[in-house]
Structure formats: C-alpha cells, structure tokens
Number of protein chains: 2
Amino acid sequence: MQARTHVTLEDVARAADVSLATASRALNGMRVTPHLRERVLLAAERLAYTPNAHARALAGGAHRTVGVVCHDVSDPYFAAIAGGVMRVAADNDLLVMLASTFSDPEREIAYVSMLRAERAHAILLIGSGFEDLHWERALEAELKPYLDGRGRVAVISRHRSLRVDTVLPENRAGAAAMARAMLEMGHRRFAVLTGPPVLTTVADRLGGFRAELRKAGVKLAAADIVEGPFTRDGGYAAMTRLLDQGTRATCVFAVADVMAIGACAAVRDRGLSVPDDVSVAGFDDIPIVRDLTPPLTTVALPLQQLGERALELALTENPERRRRVLRMGGEVVVRASTAKLT
Amino acid sequence: MQARTHVTLEDVARAADVSLATASRALNGMRVTPHLRERVLLAAERLAYTPNAHARALAGGAHRTVGVVCHDVSDPYFAAIAGGVMRVAADNDLLVMLASTFSDPEREIAYVSMLRAERAHAILLIGSGFEDLHWERALEAELKPYLDGRGRVAVISRHRSLRVDTVLPENRAGAAAMARAMLEMGHRRFAVLTGPPVLTTVADRLGGFRAELRKAGVKLAAADIVEGPFTRDGGYAAMTRLLDQGTRATCVFAVADVMAIGACAAVRDRGLSVPDDVSVAGFDDIPIVRDLTPPLTTVALPLQQLGERALELALTENPERRRRVLRMGGEVVVRASTAKLT
DNA sequence: TACGCCCCTGAAAGCGCTTTCAGAAAGCGC
DNA sequence: GCGCTTTCTGAAAGCGCTTTCAGGGGCGTA
C-alpha cells in the first residue's frame with residue numbers, strides 16, 4: 001500500500017494554493033484565517049485526503065494506538081475483557097492492536113516488541129503472568145521504554161516483580177471464598193480441574209482453593225488435582241480422567257468456566273447428573289454460564305470492567321510513578337450446578 | 001512515547017562504528033561482510049534496539065499490519081472469526097488492528113479511515129454490509145486506495161455493489177435449508193426472531209427462511225416476525241414479546257445463535273419447555289451451543305475458517321483483479337432443541 | 001501619514017528509516 | 001605490479017508530516 005496511490009498533504013496544499021505548513025495547521029485546528037482554512041478543508045475533502053499516520057507519528061504528532069496482548073481472543077474470558085477495552089478505546093479515539101499469543105511466552109515477547117516498534121501509546125497485557133522469572137526479566141527488558149516513561153503499561157494478572165499498573169482479579173480470595181462456600185454446603189471430598197500451572201492466574205486460583213481447604217482440615221489428594229489446557233475440551237478431558245480413576249469427590253472446582261463447561265458435559269456423557277451426582281463450580285462468570293442447564297456456580301469477575309479499568313489505568317498519567325493496583329471481583333455466585341450435601 | 005527515550009538506528013551505527021546504511025543493511029539481512037554484520041547485530045542487541053515501525057513504513061520498508069473491523073469482539077460469533085484471523089496473522093508475522101463498531105455505520109467508516117491512515121496492508125470487514133447504498137458509497141470512497149490496488153480488502157458478509165473479495169456465509173441457503181428441515185419435522189406454524197434488518201446478513205437469513213416457507217405454501221404472519229438487537233438479551237426480549245402476544249408458533253427460528261440462547265431462556269422462564277412446547281433453532285453454530293441443554297439446532301458456519309480464509313484472500317495477490325467469492329457453511333445441524341411434530 | 005506591534009503565513013529543518021549512487025577496496029588476469 | 005571488474009561501504013536524498021523561525025501584511029497610535 002505504499003505505492004504512489006495516496007494523496008499527500010502537499011497535494012492538498014497545492015490544490016488549496018497555500019503552503020504545506022498552513023495546510024497542516026488548518027487540518028489540525030490551529031489558528032488559521034477562516035478563509036484559508038475553508039479552502040484547505042475543501043481541497044482535502046475533494047481529494048479524499050487521509051493523513052499518513054506513520055508520517056504524523058514520526059514527525060512527533062499524535063498517534064492514537066494502543067496494543068493489547070492476550071492468550072486467545074476467541075476465548076470468552078478474553079473476548080469479554082477485550083469488549084471492555086474496545087469500548088474505552090472507542091471513547092478515546094484509539095485504534096487497538098490486538099495480538100493472540102496462544103499461550104506461547106515467546107510469542108508474547110515478540111508481540112510486545114512489535115507493539116514497541118509501533119510506538120503504541122499504551123500496552124495492555126491480559127492474563128499474561130507466567131511463573132517464570134527468566135521470562136519476566138525478558139518481558140521487562142522488552143517493556144523498558146514504557147516502564148521508564150509515565151506508566152503506559154497495564155496488566156490484568158499478577159506478575160511477580162514487574163512494576164506496572166495492575167488490574168488484579170481476586171483470584172486467590174475468590175477461589176478461597178468458593179472453597180468456603182462449598183464447605184458450607186457440606187462438601188468434604190473435592191477435586192480440582194486446573195490449567196497450566198505456570199500461569200499465575202492458575203496458581204492463585206488453585207492455591208487459594210487449596211489453602212482454604214487445608215485451613216478447614218480437608219485434604220485434597222494429588223490425584224484429585226487434574227491438569228489440562230484452559231479450554232472446554234481441556235475441562236472435558238480432565239473430568240473424564242477424574243471419573244475414570246473413580247474419584248470420590250462430591251464437588252469439582254474448575255479454575256475457569258470454560259473448563260467447568262467441559263466438565264459438565266463429561267459428567268453428563270457418563271450418564272451422571274450435575275449437581276445430583278457431582279457439584280461443579282467454575283471461575284470467571286463468563287456471560288454464557290447463566291444460560292447453561294444447570295446454570296453454573298462460579299466466582300464472578302466483572303470482565304468487561306476489567307478491560308475498561310485496565311485501559312483507563314494505562315491511559316492516565318501516573319505522576320507519583322507508583323505501581324497502582326486495582327483489585328476487582330471475587331464474589332461467589334451460587335447457582336444450580338452445585339448442591340448442598342445433606 | 002515519542003520522547004527521546006528510544007534507541008535509533010543511528011545509535012546502533014555509531015556503537016558499531018559503521019554507517020547508517022550498513023547498519024540498516026545488516027539488520028535487514030542484505031549482503032554485508034559477516035564481520036561487520038556481527039558487530040551491528042551485537043550493538044543492536046546491547047542497546048535493545050527496536051526499529052521504529054513508522055519510520056520504516058514511511059521510508060517504504062515492509063510494514064506488516066492488517067486491519068479488522070467487526071461489530072463487537074465480545075460477541076461469540078465475531079470472537080470465533082477473529083480467532084481464525086489471529087491464527088493466520090500469527091503465521092504471517094502480521095499485527096492485527098481490531099476495531100469494534102458496535103454496529104454504528106458511521107463508526108465503521110471512521111475506523112476504515114483510521115486503518116487507511118495507518119496504511120494497513122489489508123483490511124477485513126466482518127459482518128459489515130448494510131442495506132444502505134448511500135453508506136456503501138461512502139465506504140467505497142473510503143476504501144478507494146485499497147480497491148484500486150491489488151485486492152487487499154476482503155469482507156465477510158454480502159455487500160450490494162462493493163467490488164471486493166468476499167467470504168460469504170451461506171446465509172440465504174442455510175436459512176432455507178433450516179426451513180425445509182423444520183417443515184420436514186412437521187412444523188407448520190413458525191415465528192422468527194430477527195436482528196436489525198439493515199444488515200444484509202439478517203436480510204438474507206430472514207429472506208431465505210421466508211422464501212422457503214412461501215414455496216411450501218406456509219404463511220408467516222408479520223406479527224410472528226419479531227425484531228430485536230443481535231444479542232442474547234435481544235433474543236430474550238423478542239421471545240418474551242412473542243409469548244406475550246400468544247403466538248401459536250411451534251417452531252421459532254432465531255437468525256443468530258445468541259438470540260436463540262436468549263429465546264430458550266425466555267421460554268424456560270415461562271415454565272415452558274424447549275422443545276416440548278416450542279422448538280427453537282438458531283444460526284451460526286457458535287461453539288457453546290452444543291453444550292446447552294438442550295443443545296441447539298442451528299445452521300453451521302465454520303467460523304474460525306471464515307476468518308482464516310478471509311485474511312488469506314486479502315493477503316494473496318489477485319492478478320485478474322476479479323471479485324473472488326468463497327461461499328462457506330450452511331449445513332443444518334439438528335440437535336435436541338427442535339422436535340418432530342407428530 | 002508614518003512608525004511600531006502583533007498575528008499569520010511560508011520556508012526549512014528534522015523525525016528515523018530505506019535505498020540509490022558513487023567511490024573505495026578488494027580480487028583477478030596478464 | 002598494473003589495470004580492469006566486482007563487491008561492499010558511506011554519503012545523501014527522500015518518505016509525509018509537524019513545528020520552529022523569520023518575514024510580511026494589517027492594524028492601532030501619534
């Protein structure tokens with residue numbers, strides 16, 4: 001698209017018979033005689049002029065672009081968050097560059113590098129956060145110019161040492177609350193369907209749940225923690241394995257709703273019932289879960305708001321240059337996928 | 001982010017004690033004495049140099065960026081398509097600029113303009129297509145530089161006159177097939193939950209369904225076509241209205257799965273049963289619908305592939321400069337949300 | 001009518017990179 | 001060892017825009 005096919009400011013200036021400088025000023029709303037301004041605007045309109053964003057950015061003009069990195073836009077969790085980001089972006093006339101890493105840390109770094117090359121105004125990392133200091137160092141190095149500046153990065157997830165503004169879902173507390181809720185409902189035998197443990201999000205949810213059980217003196221056998229990819233099918237497979245090994249759990253906690261959905265399907269496919277034979281709980285409260293049968297008990301996160309707040313955070317100056325942390329969500333929503341044990 | 005905080009090629013060249021030109025060549029893999037190349041690469045590494053994508057684009061170098069415009073990323077339909085786009089983008093080292101219009105045609109045009117300003121390699125319009133020639137003219141004007149070039153635009157949806165490469169879901173044929181399937185199951189009284197009629201996608205689905213009924217001599221009363229926003233809640237509200245007005249339909253066809261999901265909820269909330277009291281069918285086959293109870297009968301679209309093919313289309317040269325049209329999907333998948341009428 | 005001040009316009013520099021164009025260095029044959 | 005060709009390197013010219021810096025015109029004041 002770099003062919004001679006684009007109208008330039010010079011073309012407009014010539015058509016309006018003014019200098020380049022004047023044309024630029026007219027287009028950018030600076031003081032120009034109304035008469036000339038009109039001529040320029042008209043010429044621009046007639047020629048269907050679109051300023052070259054690259055030239056503008058290069059010359060130091062405004063360039064309204066933000067970068068967002070997530071695992072997978074097609075996952076309802078990220079889609080919902082992205083929805084919030086998009087809303088704020090639209091309100092601020094920002095163009096969003098979205099990248100899916102498909103959970104590959106290398107790709108995450110590569111994308112951040114590309115966003116840096118694009119000189120994105122702000123960078124948002126959603127659900128990043130790997131339990132890997134080596135990786136975090138690399139990310140930090142990549143993010144350097146942004147970190148030095150005035151806080152134009154925000155993350156949604158916990159990072160071990162990265163000093164950036166954070167919107168933190170209450171993963172640990174939420175999972176703990178879920179454990180408490182299930183204990184109160186009389187459950188004593190649990191199983192957990194977990195995702196890749198290198199993700200801090202997973203670690204926190206699993207950790208919070210376990211800790212609370214331990215506090216209550218309830219054991220969680222290693223065999224009852226089954227790991228799988230962070231997807232519907234991952235949940236299905238994990239639950240199937242659990243069933244295969246003849247688990248005695250009465251309550252299964254999946255660290256993400258999408259996994260819980262798969263788990264429910266697996267239970268049903270065995271001819272068992274949720275919640276009569278086994279209670280299933282999830283995490284996230286993605287929109288669809290209230291329309292399932294039975295509707296899913298889960299830990300609610302205000303997903304759209306997560307995205308909104310994160311972008312707002314990245315967009316507002318941070319004069320004190322201190323890491324701002326916004327904790328959100330974490331309430332247990334009990335629906336019909338979990339039953340009281342009598 | 002335009003402060004003096006970024007390392008430039010000049011810095012690298014100086015550090016490596018070579019000229020700018022040599023540094024550029026070394027970094028871009030052109031012929032340079034191995035000895036010098038290594039020095040440059042090392043210097044670049046040490047300084048954490050990231051080329052300025054704007055400068056590069058401006059100077060005519062490669063700039064790997066594509067623009068995607070959709071209604072709302074958080075909608076499962078678009079999310080799934082976007083997933084496909086992301087996959088192909090990742091394979092091609094492309095950065096994706098994603099914009100949500102929230103179904104506002106003005107905003108759609110504004111975004112295309114921004115993408116044009118960014119000199120995006122390719123532009124993808126997903127589910128665009130308004131039944132509004134005035135709008136289409138404006139869009140065409142905005143897209144001009146891309147249309148003149150060698151086919152770097154693709155759309156997923158039908159446009160009336162826009163001459164661009166198209167990945168076309170079989171909306172009309174799919175809806176017709178659904179009508180046939182329902183007729184074969186014995187239904188004779190129908191209702192349709194429809195979206196904004198200005199969307200060609202909606203028009204085609206509604207049109208295909210109606211035409212097939214008419215062909216079979218089955219009437220569809222105007223009162224039995226209820227319109228609502230293209231969302232879960234829109235479907236819920238529409239179905240509620242239908243129920244309120246005492247519809248006698250035995251089968252309700254929603255022009256989108258998300259609406260069908262809302263419709264099912266509305267039916268249940270009335271204490272009625274899907275499919276015993278009323279059959280519900282949708283369109284799209286978004287991933288979640290097979291996990292609903294009952295699983296949703298729908299017209300299947302290979303959503304992810306839609307996105308993949310569209311981007312591939314936009315990325316491949318089109319020497320003959322003819323509009324390429326790829327028709328996809330449209331098979332009826334009968335699940336348990338629809339019942340035979342005896 | 002003449003002088004000074006202020007605002008507006010135009011020329012030009014530069015943002016960071018790629019690429020052309022010569023010139024320098026190196027390689028070859030005789 | 002000389003002169004030619006063949007590489008490879010460095011200087012410089014843009015890419016399209018914003019912005020500084022003077023200069024010029026219009027106006028107010030005496």
Side-chain angles (χ1 to χ4, degrees), chain A residues 1-41 43-44 47-65 113-114 116-120 145, chain B residues 1-41 43-44 47-65 113-114 116-120 145:
Chain A
M1 283 313 308
Q2 63 271 41
R4 292 253 34 70
T5 172
H6 279 283
V7 178
T8 75
L9 183 58
E10 195 179 350
D11 298 329
V12 174
R14 199 177 309 123
D17 195 31
V18 296
S19 78
L20 237 95
T22 306
S24 171
R25 279 189 280 251
L27 260 4
N28 289 308
M30 315 195 70
R31 293 200 68 76
V32 171
T33 310
H35 170 231
L36 284 189
R37 135 153 325 153
E38 198 172 328
R39 245 166 55 198
V40 173
L41 261 33
L47 298 176
Y49 168 69
T50 308
N52 182 323
H54 296 301
R56 176 172 280 180
L58 190 55
H63 180 227
R64 308 201 59 82
T65 259
S113 179
M114 290 177 81
R116 180 149 76 105
E118 295 288 341
R119 300 302 186 259
Chain B
M1 283 313 306
Q2 63 272 40
R4 292 252 32 70
T5 172
H6 279 283
V7 178
T8 75
L9 184 57
E10 195 181 351
D11 299 329
V12 175
R14 199 178 308 123
D17 195 33
V18 296
S19 78
L20 237 96
T22 304
S24 170
R25 279 190 280 251
L27 260 3
N28 290 309
M30 316 197 69
R31 294 201 67 77
V32 172
T33 309
H35 170 233
L36 285 189
R37 135 155 327 160
E38 197 171 331
R39 247 166 55 198
V40 172
L41 262 32
L47 298 176
Y49 168 70
T50 308
N52 182 323
H54 296 302
R56 176 174 279 180
L58 191 55
H63 180 228
R64 308 201 59 83
T65 257
S113 179
M114 290 177 80
R116 181 150 75 105
E118 296 287 343
R119 301 300 186 261

Would you mind reading off the distance between B:Leu9 atom CG and D:dG14 atom C1', rounded to a whole angstrom?
16 Å

If you define the side chain from C-beta out and look only at heavy atoms, does anything of A:Val32 sit under 4.5 Å from A:Val18?
no

Tell me whether the OP1 or OP2 atom of C:dG16 has a side-chain N or O from B:Thr8 closer than 4.0 Å.
no

Got B:Asn52 and B:His6 here, is their nearest side-chain heavy-atom distance under 4.5 Å?
no

Under 3.5 Å on both distances, the Watson-Crick or G-U partner of D:dC4
C:dG27

Tell me the interatomic distance from B:Leu20, atom CG, to C:dC21, atom P, rounded to whole angstroms.
19 Å

Can you confirm whether A:Arg119 sits close enough to A:His54 that some side-chain heavy atom of one is under 4.5 Å from a side-chain heavy atom of the other?
no

Is any side-chain N or O of B:Ser19 closer than 4.0 Å to OP1 or OP2 of D:dT9?
no

Can you check the A:Asp17 CG to C:dG10 P distance for me, whole Å?
8 Å

Please give, in whole Å, the distance from C:dC17 P to A:Arg56 CZ?
21 Å

Expressed in angstrom and rounded to an integer, what is the separation of B:Asp11 atom CG from C:dC15 atom C1'?
13 Å

Below the 4.0 Å mark, does C:dC17 have OP1 or OP2 next to a side-chain nitrogen or oxygen of B:Ser24?
no

Is B:Arg25 side chain donor-acceptor paired with the D:dG10 base, going by distance under 3.5 Å alone?
yes

Given side chains that start at C-beta, do those of A:Leu41 and A:Glu38 come closer than 4.5 Å, heavy atoms only?
no

Which nucleotide sits closest to the side chain of B:Ala59: D:dA12, C:dC17, D:dG16?
C:dC17

To the nearest Å, give me how far apart CG (A:Asn52) and P (C:dC15) are.
18 Å

Between the main-chain N or O of B:His35 and the side-chain N or O of B:Thr33, is there a donor-acceptor pair closer than 3.5 Å?
no

What is the distance, to the nearest angstrom, from the NE2 atom on A:His63 to the P atom on D:dT18?
12 Å

Which parts of residues 28-36 of chain A get close to DNA chain C, meaning a heavy atom less than 4.0 angstrom away?
A:Arg31, A:Val32, A:Thr33, A:Leu36

Nearest to the side chain of B:Leu58, heavy atoms from C-beta on, is which of D:dG16, C:dC17, D:dT18?
D:dG16

Can you measure B:Arg119 atom CZ to D:dC17 atom C1' for me and round it to whole angstrom units?
11 Å

Are any non-hydrogen side-chain atoms of A:Val40 and A:Arg37 less than 4.5 angstrom apart?
no

For the residue pair B:Arg56 and B:Asn28, establish whether any side-chain heavy-atom pair is separated by less than 4.5 Å.
yes

